[in-house]
There are 2 protein chains.
Amino acid sequence: MTRIATLSETRSNCHDCRLRSLCLPDNLSKEDIGELDSIVQRRKPVARGAYLFQAGQRFNSIFAVRTGSVKASTLLANGDEHISGFHLPGDVIGLDAIVSRDHPSTAIALESTSVCEIPYAELESLGDRLPTLQHQLVRIMSRELLAEQSTGHLLTRRAAEQRLAVVLLKFSERFANRGLSALRFRLPMSRLDLGNYLGLVPETMSRTFRRLEEQGLLSIAGKEIEIVDVCAIKALAYGNNEGDLAAKA
Amino acid sequence: MTRIATLSETRSNCHDCRLRSLCLPDNLSKEDIGELDSIVQRRKPVARGAYLFQAGQRFNSIFAVRTGSVKASTLLANGDEHISGFHLPGDVIGLDAIVSRDHPSTAIALESTSVCEIPYAELESLGDRLPTLQHQLVRIMSRELLAEQSTGHLLTRRAAEQRLAVVLLKFSERFANRGLSALRFRLPMSRLDLGNYLGLVPETMSRTFRRLEEQGLLSIAGKEIEIVDVCAIKALAYGNNEGDLAAKA
DNA sequence: CGCATCGTTGAATGGCCTCAAGATGCGTGG
DNA sequence: CCACGCATCTTGAGGCCATTCAACGATGCG
């Protein structure tokens, strides 16, 4: 809200952004980045719990997370919230709305979060002139599709411990891609939200975290997670899962 | 394998394709469709059980399903197969490979299946000249992303009956989009594959199908499915799920 | 017609959900 | 700085449902 903070936010640009390589400017020339930069809108941070956009709302822009984190959720017919994913800095949000006129899901900041807003009509026009930018948009969508597939269904089957192991490894990888530690990180969401995402109730989340800590695989302090035994976690997530279902001989 | 069948296949083109509106040619001018058509390769059908491509294989082309059906699967570290999705005529396959050099998953024909192969390098070049084609590619990827999100996690939570109800409604919708009946259709995959996709063992699949039939919601004859009570199925899938977990007051 | 894959049916085990209650943490206001 | 209130998190006991194990029936293909 202060003038100075707003200024320091707006002063930033794509070229100096340390998340550039994850985002739309990747592979672009210096001049092209300047053109992209001119259509990017940087606003003041979104407060914890505030909406970036709501489901059903008209789609106008995609958003790139600069700092903070965001959860994507939909409201089920019975009133339950269903969380479809979490977004970290460098992620691009709203790509699932391009095909329709409206946002299919709601985006809520998990903490104070600053985003770059990119009006889609202008991005599309710019892409018509800058093939490299267009290709990068397609690459980012392909990346999202890949991530969605690999997580979406690794969570369908498998026991609670395995689901948790998978999602922790996914976050570990994502933090590592952003230059942060792969073994010590802070999960930005509550246990309730993470459980919602995994299809587990909070009680099971609590018990499962405790079990993994007792087995010496994790060290937990609130939202701070330390992966103590990476090999064991990986084996649990992807490896020989004797407790798995549909085991083929 | 016969000469005539091959000829009748190769004779087809994008402009006459009845799946045009679901696929890349949608929104394109007649001339642009001709340009797209010139880079599309139509080969003889892929036999049941044969690979379109395998995980790890170099990515060169995307594929559009013309007739038949395809399952996408990955091999887990323990040797289990994990099915990440099913593709019907009009679907575009391989979009998740654009970001990397290699295919992340394997595509296997569930029946005799004919596809259009579209070399991606040529599509990209063509897209640089034809903005409408480029936009359509982005729209298709957005559509896939949306579908992946909505199915991927509706299956995470929920009981067996609800998972089955959700997936049957998804197929119903997809068949309807292709001009087929929304209430009577033939599932192209085995119960084992469908169970794998849903994270349920074959025994549970069998029992769940039978239970829905006994309740008068379905009529089943092998792979042929008839949805008898659509409302009840929808209520089960999305509605008031008292047996659901994480119910919020 | 024989074999292999797929599908079905029946018990028993185990894991996750439900319900209930207490503990912890954190932001707010006194 | 402390007290309060609320949301989040934890812990315990019990029940339900999907998996497991085992065996049989159906189907389809050579």
Side-chain angles (χ1 to χ4, degrees), chain A residues 47-50 71 78 80-81 83 108 110-112 155-165 186-214 218 220-225 236 241-249, chain B residues 47-50 71 80-81 83 108 110-112 155-165 186-215 218 220-225 236 241-249:
Chain A
R48 170 195 169 97
K71 70 173 175 182
N78 58 3
D80 286 359
E81 181 187 17
I83 297 175
I108 300 177
L110 289 168
E111 55 198 312
S112 183
L155 305 175
T156 305
R157 51 181 65 250
R158 301 177 120 69
E161 284 189 7
Q162 298 177 310
R163 294 191 200 187
L164 184 54
R186 181 182 161 278
L187 291 177
M189 78 294 292
S190 70
R191 297 285 145 92
L192 192 123
D193 281 348
L194 188 58
N196 183 311
Y197 175 71
L198 294 178
L200 299 170
V201 294
E203 295 93 323
T204 303
M205 291 300 296
S206 178
R207 281 186 257 263
T208 307
F209 265 114
R210 188 166 55 80
R211 219 177 308 145
L212 291 186
E213 189 171 32
E214 284 172 0
L218 294 179
I220 307 163
K223 290 181 163 50
E224 300 280 344
I225 305 291
L236 181 58
N241 35 3
E242 298 165 15
D244 191 18
L245 39 112
K248 305 180 80 171
Chain B
R48 169 196 169 96
K71 70 172 175 182
D80 287 0
E81 181 187 17
I83 297 175
I108 300 176
L110 290 168
E111 55 198 313
S112 183
L155 305 174
T156 306
R157 50 181 66 250
R158 300 177 121 70
E161 282 188 9
Q162 298 178 310
R163 294 190 200 188
L164 184 54
R186 180 181 161 280
L187 292 176
M189 77 295 292
S190 69
R191 297 283 144 90
L192 192 124
D193 281 348
L194 189 58
N196 184 310
Y197 176 71
L198 295 177
L200 299 170
V201 294
E203 295 94 323
T204 304
M205 292 300 295
S206 177
R207 282 186 258 262
T208 307
F209 265 114
R210 187 165 56 80
R211 220 178 305 146
L212 291 186
E213 189 171 33
E214 285 171 1
Q215 293 173 17
L218 294 179
I220 307 164
K223 291 179 161 53
E224 300 281 342
I225 306 290
L236 181 58
N241 35 4
E242 297 167 14
D244 192 18
L245 39 112
K248 305 180 78 169

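Model, not experiment: these values are computed from the prediction. Naming: A, B, ... by sequence-line order, numbering from 1 per chain.
A:Asn196 places a side-chain N or O within 3.5 Å of a backbone atom of A:Glu81 that can act as its donor or acceptor partner. With hydrogens and angles ignored, the 3.5 Å screen pairs a side-chain donor or acceptor of B:Gln162 with a backbone N or O of B:Ala159.
Rounded to an integer number of Å, the gap from A:Leu187 CG to D:dC9 P is 11 Å. Following rounding to the nearest Å, B:Glu111 (CD) and C:dC6 (C1') show an atom-to-atom distance of 17 Å. In this structure, A:Leu110 places its CG atom 12 Å from P of D:dT8, rounding to the nearest Å. For the pair B:Asn196 CG and D:dA18 P, the computed distance is 17 Å after rounding to whole Å. Atom P of nucleotide D:dT19 and atom CD of B:Glu161 are separated by 13 Å, given to the nearest angstrom.
The distance from the CZ atom of B:Arg191 to the OG1 atom of B:Thr208 is 10.5 Å, given to the nearest 0.5 Å. A distance of 7.0 Å separates CZ of B:Arg163 from CG of B:Leu198, quoted to the nearest 0.5 Å.
Comparing B:Arg211 and B:Arg48 along DNA chain D, the residue whose closest nucleotide (by nearest heavy atom) sits nearer the 5' end is B:Arg211.
Salt bridge annotation for B:Lys223-B:Glu111: absent, with no cationic side-chain nitrogen under 4.0 angstrom from a carboxylate oxygen.
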What pairs of nitrogen or oxygen atoms, one from the protein and one from nucleotides 7-9 of chain C, lie under 3.5 Å apart?
unit_1: C:dG7; atom_1: OP1; unit_2: B:Arg191; atom_2: N; d: 3.1
unit_1: C:dG7; atom_1: OP2; unit_2: B:Arg191; atom_2: N; d: 3.1
unit_1: C:dG7; atom_1: OP2; unit_2: B:Leu192; atom_2: N; d: 3.3
unit_1: C:dT8; atom_1: OP2; unit_2: B:Ser206; atom_2: OG; d: 3.2
unit_1: C:dT8; atom_1: O5'; unit_2: B:Ser206; atom_2: OG; d: 3.1
unit_1: C:dT9; atom_1: OP2; unit_2: B:Arg210; atom_2: NE; d: 3.0

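Applying the salt bridge (charged side-chain N to carboxylate O under 4.0 Å, His left out) test to pairs two or more places apart or on separate chains, none has a residue in residues 196-207 of chain A.
In B:Arg186, the CZ atom is crowded: over 12 heavy atoms of neighbouring residues, nucleotides or ligands sit closer than 6.0 Å.
End-to-end axis angle of the helix from C:dG7-D:dC24 to C:dG30-D:dC1, from C1' rotation axes over five pairs per end: 50° (rounded to 10 degrees).
In this structure, A:Leu200 and A:Leu164 have side chains that are not in contact, with every pair of non-hydrogen atoms separated by 4.5 Å or more.
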